[in-house]
Amino acid sequence: RLPVLVGGVLFQHHPCQVINFVLDNSARKELEQRKDDFISIASHELKTPLTAVKMQTQLVRKRFEKHAQREAATALSRVERSIKQLERLIAELLDVSKIQAGGLEYVRERVDLDELLREVTATIHHLHPSHTTQVRGSVQTSLIGDRDRLGQVFTNLLSNAIKYSPDVRTVEMDLSASDDAVTIRVHDHGLGIPRELRDKIFERFYRVTDSKQKAIPGLGMGLYIVAEIVNHHGGTITVDSAVGKGSTFTVTLPLMRDA
Ligand code: ADP
């Protein structure tokens with residue numbers, strides 16, 4: 001046994017244990033750092049819409065005092081948008097904490113995928129009216145799963161595709177099905193992801209730290225939740241990407257036939 005000095009602590013263990021300790025320790029430090037970054041970004045992300053709500057509410061009050069109804073209505077719709085932004089953030093925070101505490105709750109129902117995806121693209125269009133989602137193909141089948149949670153997967157992938165393509169107005173979604181599985185590809189022509197980070201982006205709180213990516217707000221929770229939901233449905237999610245060219249996220253979901 002080798003006595004080894006690690007970070008000022010004398011270890012009298014087998015060298016493998018020391019190596020494990022060093023690895024564990026650096027992984028722990030990385031997660032700690034990620035949590036610190038997360039808390040500071042989260043505080044900022046929560047504060048921004050709250051400040052907007054506060055200012056717009058003051059404006060509404062003043063408009064009402066002046067009987068300026070149309071301006072008051074405009075200000076109220078901004079309040080509504082900020083509240084929705086806060087709701088989404090808080091829902092994701094709750095999802096992450098539920099996953100950590102043992103998992104999300106799922107319902108089992110028959111889900112018509114083409115209908116669900118039409119609904120998702122309509123929601124995306126409502127949220128990002130300046131962007132177009134081109135849908136190619138169809139799956140023409142249904143599966144057993146949690147409709148809302150599956151919707152969350154594709155809403156998230158399409159929102160990311162738009163969010164990380166600051167100079168492009170179109171994203172694409174390709175749908176196909178075989179006898180036993182459906183494949184949904186979300187394709188963008190945006191910033192892309194460095195090869196070595198393609199697994200990391202599915203980890204909790206992980207965000208790519210390139211200056212261009214960092215400038216885009218986010219908390220690194222979306223893909224962690226997406227991967228958890230896909231996994232629950234027995235599916236897989238992978239990403240193929242080239243920096244500066246774009247990314248393709250591929251979700252494959254098995255079709256569980258009724259017994
Ligand atoms: P968020 O977008 O809130 O940071 P996500 O978990 O959805 O969190 O994504 C994790 C990271 O993966 C993002 O911070 C971003 O760096 C990268 N990423 C996700 N989707 C894309 C995409 N379509 N193009 C480029 N980078 C992406």
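Predicted, not measured: the structure shown is a model, and the values here were computed from it. Nothing fancy with the numbering, it's 1 onward along the sequence. Read the numbers this way: they start at 1 and go in the same order the structure lists the ligands and their atoms.
Pocket lining of ligand 1, defined as residues with a non-hydrogen atom under 4.0 Å away: N160, A161, K163, Y164, D188, G192, I193, I201, Y206, R207, V208, Q213, G218, L219, G220, M221, G222, L223, S247, F249.
Between atom CD1 of residue I225 and atom CG of residue D95 there is a gap of 4.5 Å, rounded to the nearest 0.5 Å.
With respect to the salt-bridge test (charged N to carboxylate O, under 4.0 angstrom), the residues E203 and R34 qualify. Salt-bridge check for E228 with R149: failed, with every basic side-chain N at 4.0 Å or more from each acidic carboxylate O.
Ring centers of H187 and H189: under 6.0 Å apart, within the cut-off.
Between F38 and F205, the ring-plane angle classifies as parallel under the 30° and 60° cut-offs. Ring orientation note: the planes of Y106 and H232 are close to parallel, at an angle under 30° on the 30°/60° scale.
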